[in-house]
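Values reported hereafter were calculated over all heavy atoms of this structure, with side chains retained and with hydrogens, waters and symmetry mates removed. What you see is a predicted model; the values in this text were computed from it and never measured.
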Amino acid sequence: MIKSVVFDVGETLLDDTREFGAWADWLGVPRHTFSAILGAVTAAGRNNAETFQVLRPGFDLEGERQRREDAGVGEEIHESDLYPDVRQTFESLRRHGLWVGVAGNQTVKAAELLRSLQLPVDAIATSGEWGIAKPDQAFFKQVIDFAPGDPGEIVYVGDHRDNDIAPARAAGLLPALIRRGPWGYLWASDPVVVRDAEWVIDNLMELPDLLTTPKT
């Protein structure tokens with residue numbers, strides 16, 4: 001029996017288009033250039049953060065993030081950044097008696113911004129708050145401590161093969177890949193995803209029926 005569903009954030013709950021655009025503007029490169037480099041890094045199976053190193057060798061992500069904040073153009077999360085299926089899915093899962101959480105690789109500020117949206121969830125946490133980030137198994141140990149149920153009773157929903165699906169399965173969780181955003185589309189049919197994902201979905205609203213209908 002599934003007791004909990006925990007969601008990644010970027011490109012699972014949030015459309016990152018505006019934030020990617022903000023970074024491109026901050027770096028002074030065309031937005032399509034930033035997107036193309038991000039795509040190339042993604043296709044090569046490299047860490048997303050390497051996008052910045054390609055564009056600006058020696059780039060200090062944390063330092064630049066703080067400089068953006070100091071300049072008044074820092075991190076923001078708005079209702080309009082949520083994918084349209086998010087609230088409805090959360091509400092439906094909770095009506096079915098499932099515990100719903102959010103835990104992704106985001107900053108402490110992002111956790112505060114997400115909480116300010118008053119999402120219908122039981123808890124929100126980020127890697128910045130936990131001091132450990134995906135794909136480290138310690139992150140998924142935190143997820144297991146965070147959400148009710150044994151590992152095999154916890155679903156982890158994400159869009160990233162290496163940060164979400166493979167490490168969640170290694171931790172004993174039930175991974176679900178959402179096929180959207182650059183990583184979700186790129187890796188939906190990847191052999192690792194085929195092996196490790198319990199489900200591959202195109203819309204979060206598929207989850208309530210998948211997780212609550214008894215298997216025959």
Undergrad: Do the rings of Phe52 and Phe59 sit parallel, tilted or perpendicular, given the 30° and 60° boundaries?
TA: parallel

Undergrad: Determine the sole option in Asn48, Asp190, Asp164, Asp162 for which the side chain to side chain donor-acceptor pair (under 3.5 Å) test with Trp183 is passed.
TA: Asn48

Undergrad: I'd like to know if the side chain of Arg180 reaches the main chain of Thr12, judged simply by a donor and an acceptor atom lying under 3.5 Å from each other, with no hydrogens or angles considered.
TA: yes

Undergrad: Just verifying a value: how many Å separate Leu38 CG and Trp23 CH2, rounded to the nearest 0.5 Å?
TA: 13.0 Å

Undergrad: Counting N and O atoms only, with roles assigned by atom type, does the side chain of Asp81 sit under 3.5 Å from a partner on the main chain of His78, one being a donor and the other an acceptor?
TA: yes

Undergrad: Sub-3.5 Å donor-acceptor pair from the side chain of Glu206 to the main-chain atoms of Asn203, do we have one?
TA: yes

Undergrad: Keeping the roles fixed (side chain from Ser4, backbone from Pro148), state whether a donor-acceptor pair exists under 3.5 Å.
TA: yes

Undergrad: Do you know which of Asp8, Asn163, Asn105 makes side chain to side chain donor-acceptor pair (under 3.5 Å) with Lys134?
TA: Asp8

Undergrad: Between the side chain of Arg18 and the main-chain N/O of Glu76, is any donor-acceptor distance below 3.5 Å?
TA: yes

Undergrad: Examine distances only and state if a side-chain atom of Asp150 and a backbone atom of Gly152 form a donor-acceptor pair shorter than 3.5 Å.
TA: no

Undergrad: Where the side chain of Glu69 meets the backbone of Glu75, is there a donor-acceptor pair that is under 3.5 Å apart?
TA: yes

Undergrad: For the residue pair Leu113 and Thr107, establish whether any side-chain heavy-atom pair is separated by less than 4.5 Å.
TA: no

Undergrad: Tell me whether the NZ or CZ atom of Arg67 lies within the 45° cone about the ring axis of Trp26 and under 6.0 Å from its centre.
TA: no

Undergrad: Using the rule that two of Ile, Leu, Val, Met, Phe, Trp, Tyr join whenever any of their side-chain heavy atoms come within less than 4.5 Å, decide whether Ile178 and Trp187 are in one cluster.
TA: no

